[in-house]
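Have a look at the structure below, then the notes.
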Amino acid sequence: MRIPKFIEPGNVLGLVAPSFGCVGEPYETRLRVAVRRFESQGYQVVCADSCYKSDGLGISTKPEAAADDLVQFYLDKSIDAVLSVGGGELMNETISHVDFHRLAEAEPKWFMGYSDNTNFIFPMALLAQTAGIYGPCAPRFGKPWEQPERDAFALLEGRDLTVKGYSRFQPPEAKEENTDPLARYVLTEKKELTSFVPVGNVLLKAGELTEIRMEGTLLGGCLDVLENLSGTEFDGTRAFCESGKKAVWVLEACDLSPMSIRRTLWHLRHQGWFDTAAGFLIGRPLAAWKQEMMGVNAYNAVTDVLGDLGVPVVMDADVGHISPMMPLIIGAEAAVTARGNDLTVEHLMPEA
């Protein structure tokens with residue numbers, strides 16, 4: 001796995017819109033202020049044309065143009081890292097025009113984004129053997145920086161490669177109620193991890209003093225996207241598993257219902273994705289949060305499908321669409337430990 005060079009003040013950040021762009025409010029304000037914050041940290045910023053477009057269907061612009069921006073910024077040696085300006089819905093059409101094997105031959109650089117950006121981060125890890133950061137999109141840095149933003153930038157700069165979970169989170173409805181484009185998080189809910197350990201062929205809820213440890217390559221992203229990628233030419237998971245390497249699967253869901261989560265995990269398991277799983281780190285689901293359908297909820301959707309794999313599962317982690325989110329390096333080796341409500345992910349970088 002290729003680990004890109006960490007950035008430093010004086011470097012150039014390239015902003016692209018391979019999914020949604022930043023047109024209209026609150027997006028334009030967030031991006032404008034984020035650019036100023038990056039510059040105040042000593043960085044230069046260049047924005048692709050796609051960042052300010054909305055002439056595409058489900059993405060910023062035509063897929064070919066969005067892909068061209070992404071690839072050109074990645075290949076441009078004057079740009080030191082590439083950040084996405086948004087998630088969205090149809091970035092899969094953008095990557096139809098991305099040659100990942102060509103990018104595998106280029107000098108590696110950091111790419112950061114989440115949600116729909118799984119379409120780029122996941123294939124980069126498995127097809128181009130290049131790690132990327134599953135973390136906040138660029139406009140998130142327009143708000144006052146709190147620990148998640150500081151953690152993400154510390155990863156980009158290589159200052160701190162250990163990320164710890166947060167003590168409180170923002171309920172989904174708070175995001176809809178707050179109209180300030182630069183608002184701080186509304187951290188009204190206490191974070192409580194729900195962890196499971198294998199006993200025989202089932203997963204049982206772990207006690208508060210039980211320490212869970214899993215180690216392997218961090219793989220995953222948004223489950224909605226991963227389901228769509230599986231079995232396509234952008235899916236290199238089978239080759240990874242055949243190599244015998246262990247994976248810690250980082251998964252979170254956006255629009256999926258509990259039933260959809262269950263079906264998706266069943267599908268990926270029968271694709272062989274989890275054959276070398278060392279464990280699972282699963283974020284709070286957005287649409288399925290506190291939802292139950294005919295007895296199926298976000299918990300048994302996971303435990304019933306994965307229970308007999310014989311590996312631990314940590315759920316309700318600070319990963320994904322319910323803020324705040326831990327930034328994680330997909331493709332990196334990592335040691336994950338959880339005990340009670342404490343969660344730590346230590347990225348294990350190879351010696352230079």
Side-chain angles (χ1 to χ4, degrees), residues 164-165 190-224 226-227 230-231 235 237-253 256-285 288-320 326 328 330 333-346 348:
K164 295 182 180 292
K190 180 182 177 183
K191 192 273 296 296
E192 295 183 356
L193 294 177
T194 306
S195 300
F196 299 89
V197 292
V199 178
N201 287 326
V202 298
L203 285 167
L204 298 181
K205 194 170 182 179
E208 291 186 5
L209 300 180
T210 301
E211 181 172 282
I212 294 173
R213 182 177 177 86
M214 36 192 168
E215 194 166 317
T217 304
L218 295 180
L219 290 179
C222 183
L223 202 55
D224 312 44
L226 295 171
E227 175 189 31
S230 66
D235 175 7
T237 316
R238 192 178 297 271
F240 175 89
C241 292
E242 289 173 353
S243 74
K245 295 179 182 178
K246 293 289 186 180
V248 174
W249 284 95
V250 179
L251 303 173
E252 58 97 7
L256 301 183
S257 69
M259 289 289 192
S260 298
I261 292 173
R262 190 173 181 126
R263 286 191 294 264
T264 298
L265 291 175
W266 178 92
H267 172 74
L268 297 181
R269 177 170 181 179
H270 284 271
Q271 284 271 5
W273 278 36
F274 306 143
D275 288 354
T276 62
F280 294 82
L281 182 61
I282 299 180
R284 296 178 288 265
W289 180 247
K290 295 185 178 180
Q291 187 182 124
E292 185 169 304
M293 302 175 67
M294 299 170 62
V296 177
N297 57 42
Y299 301 102
N300 59 35
V302 173
T303 57
D304 287 357
V305 175
L306 306 180
D308 61 350
L309 289 177
V311 298
V313 175
V314 177
M315 299 185 67
D316 293 329
D318 302 306
V319 178
M326 302 169 67
L328 299 173
I330 299 299
E333 298 297 307
V336 179
T337 56
R339 182 174 179 177
N341 293 324
D342 295 328
L343 175 65
T344 301
V345 178
E346 180 186 2
L348 307 173

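Just the heavy atoms: all of them, side chains too, but no hydrogens, waters or symmetry mates, feed the values below. Keep in mind the model is a prediction, meaning the values are calculated, not measured.
- Of all non-hydrogen atoms in A317 and L281, the two that sit nearest each other are CB-CD1, 3.6 Å.
- Not counting sequence neighbours, the partners of W289 by the side chain to side chain contact (heavy atoms under 4.5 Å, CB included) test are F169, P172, R284, P285, D316, I322.
- The shortest side-chain heavy-atom distance between V313 and T303 does not fall under the 4.5 Å cut-off.
- One finds the CG atom of L348 at 10.0 Å from the OG1 atom of T217 (value rounded to the nearest 0.5 Å).
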Show the atom names and distances, to 0.1 Å, of all donor-acceptor pairs under 3.5 Å that link a side chain in residues 200-213 to residues at least two apart or in another chain.
unit_1: T210; atom_1: OG1; unit_2: G207; atom_2: N; d: 3.4
unit_1: R213; atom_1: NH2; unit_2: E215; atom_2: OE1; d: 3.2

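- V345 is not listed as a side-chain neighbour of V250, based on a closest heavy-atom distance of 4.5 Å or more.
- Nearest approach of E252 to D224, heavy atoms of both residues: O-OD1, 4.4 Å.
- Here the side chains of L223 and L256 are in contact, with some heavy-atom distance below 4.5 Å.
- Residues M293 and S257 share a closest heavy-atom pair of SD-CB, 3.5 Å.
- Distance check, rounded to the nearest 0.5 Å: CD of E346 to CD of E333 gives 12.0 Å.
- Judged purely by atom type and a 3.5 angstrom limit, T194 has no side-chain atom pairing as donor or acceptor with the backbone of M315.
- Take E292 and apply the side chain to side chain contact (heavy atoms under 4.5 Å, CB included) test, not counting sequence neighbours, and it matches N297.
- With sequence neighbours left out, F274 forms a ring-ring contact (aromatic ring centres under 6.0 Å, His included) with W249, F280.
- One finds the CD atom of E227 at 12.0 Å from the CG atom of L251 (value rounded to the nearest 0.5 Å).
- Between I261 and A301, the shortest heavy-atom contact is CG2-CB, 4.1 Å.
- To the nearest 0.5 Å, atom CD of residue Q291 and atom CE of residue M259 are 10.0 Å apart.
- When every heavy atom of A278 is checked against every heavy atom of K246, the shortest pair comes out as CB-CB, 4.1 Å.
- Applying the side chain to side chain contact (heavy atoms under 4.5 Å, CB included) criterion to K190, with sequence neighbours excluded, gives R168, E192, N341.
- Listed here is the closest heavy atom pair of T237 and D235: OG1-OD1, 2.6 Å.
- Looking only at side-chain heavy atoms (C-beta outward), W273 and L226 come within less than 4.5 Å of each other.
- Listed by first then second residue, pairs satisfying salt bridge (Lys or Arg N to Asp or Glu O under 4.0 Å) with a partner in residues 258-280 read R262-D304, R269-D308, not counting sequence neighbours.
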